[in-house]
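What you see is a predicted model, and the numbers here were worked out from it, not measured in a lab. Heads up: numbering here begins at 1 and tracks the sequence.
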Amino acid sequence: QVQLVESGGGLVQAGGSLRLSCAASGRTFSTYVMGWFRQSPGKEREFVAAIRWSGSTTLYADSVKGRFTISRDNAKNMVYLQMNSLKPEDTAVYYCAARPWASISRNRNEYRDWGQGTQVTVSS
């Protein structure tokens with residue numbers, strides 16, 4: 001298994017930016033697909049972005065495409081989510097997740113390991 005710890009959340013005004021970080025432990029991190037999901041009160045956890053082990057393939061939810069960028073640094077066991085042009089509807093707890101298989105996925109049930117989450121609040 002991989003242990004995941006998110007950081008970088010906070011309060012930001014609409015139109016602002018935040019960068020979330022996810023620190024992973026585990027020798028096989030570099031082979032995992034990594035994803036970001038988010039959950040707002042009363043809503044299901046939804047897919048935000050994912051990245052394959054090499055970083056060459058990424059996948060985004062339509063709602064964040066063009067505004068968010070996922071990246072990873074396998075040497076540092078880190079995954080990042082750069083969030084620009086934030087909107088109030090982006091307010092949620094953001095979770096980092098690991099999928100120990102090669103194929104990229106937007107299905108939360110196909111991710112095995114999860115972090116505790118970091119709160120992002122966007123004010124209007």
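- Formation of a donor-acceptor pair under 3.5 Å by the Arg72 side chain with backbone atoms of Met78 is not found in this model.
- The distance between the ring centers of Phe47 and Phe37 falls below 6.0 angstrom.
- Side-chain heavy atoms closer than 4.5 Å link hydrophobic residues (I, L, V, M, F, W, Y) into clusters, and following such links, even through other members, never connects Ile51 to Tyr111.
- At a cut-off of 3.5 Å, with distance as the only test, no side-chain donor of Gln82 or Thr69 sits close to an acceptor on the other residue.
- Shown here for Leu18 and Leu86, the closest heavy-atom pair between the two residues is N-CD1, 3.9 Å.
- Residue Val2 is grouped with residue Met34 when hydrophobic side chains (ILVMFWY) are merged at heavy-atom distances under 4.5 angstrom, including chains of intermediate members.
- Counting heavy-atom neighbours within 6.0 Å of Trp114 CH2, excluding the residue itself, gives a total above 12.
- Judged by distance alone, the side chain of Asn77 and the main-chain N or O of Ala24 form a donor-acceptor pair under 3.5 Å.
- Transitive grouping of hydrophobic side chains (ILVMFWY, heavy atoms separated by less than 4.5 Å) brings Val122 and Leu81 into a common cluster.
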Subject >> Residue pair Met83, Leu20: steps toward the side chain to side chain contact (heavy atoms under 4.5 Å, CB included) verdict >> reply: CA-CA 8 Å; Met83 306 186 294; Leu20 304 184; 3.7 Å; yes
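- Within the 4.5 Å cutoff, the side chain of Gln3 has no heavy atoms near those of the Asp113 side chain.
- Listed by first then second residue, pairs satisfying ring-ring contact (aromatic ring centres under 6.0 Å, His included) with a partner in residues 56-88 number zero, not counting sequence neighbours.
- Annotation: disulfide bond (SG atoms under 2.5 Å apart) contacts involving residues 21-96, sequence neighbours excluded, comprise Cys22-Cys96.
- Because its NZ or CZ atom is not both nearer than 6.0 Å to the ring centre of Tyr95 and within 45° of the ring axis, Arg38 does not count as a cation-pi partner of that residue.
- Looking at Val93 and Thr118, their side chains never come closer than 4.5 Å, going by heavy atoms from C-beta outward.
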Original post:
Can Arg108 and Glu44 be said to form a salt bridge (charged side-chain N to carboxylate O under 4.0 Å, His left out), step by step?
Top reply: CA-CA 10 Å; Arg108 66 179 185 271; Glu44 292 189 348; 3.6 Å; yes
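- Annotation: side chain of Tyr32 is in contact with side chain of Arg112 (closest heavy-atom distance under 4.5 Å).
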In residues 97-105, what donor-acceptor pairs under 3.5 Å come from side-chain atoms, sequence neighbours left out?
unit_1 : atom_1 : unit_2 : atom_2 : d
Arg99  : NE     : Ser103 : O      : 2.6
Arg99  : NH1    : Glu110 : O      : 3.1
Arg99  : NH2    : Ser103 : O      : 3.4
Arg99  : NH2    : Ser103 : OG     : 2.7
Ser105 : OG     : Asn107 : N      : 3.0
Ser105 : OG     : Glu110 : OE1    : 2.6

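- Of all the heavy atoms in Gly117 and Glu6, the pair that sits closest is N-OE1, 2.9 Å.
- Salt-bridge formation is not detected for the pair Asp90/Lys87: no Lys NZ or Arg NE/NH1/NH2 atom is positioned less than 4.0 Å from an Asp or Glu carboxylate oxygen.
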**OP:** Apply the test side chain to side chain contact (heavy atoms under 4.5 Å, CB included) to residues Arg52 and Leu59: give CA-CA distance (whole Å), side-chain angles for both, the deciding distance (0.1 Å), then the verdict.
**Re:** CA-CA 9 Å; Arg52 287 194 67 199; Leu59 192 63; over 6 Å; no
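- Pairing each heavy atom of Ala14 with each of Pro88, the nearest pair is CB-CD, 4.1 Å.
- Val79 and Val120 fall within the same hydrophobic cluster, defined by Ile, Leu, Val, Met, Phe, Trp and Tyr side-chain heavy atoms under 4.5 Å apart, directly or through other members.
- Of the inter-residue distances, the one linking Ser17 atom OG with Arg19 atom CZ reads 12.0 Å to the nearest 0.5 angstrom.
- Put simply, the side chain of Asn74 gets close to the backbone of Trp53: a donor and an acceptor are under 3.5 Å apart.
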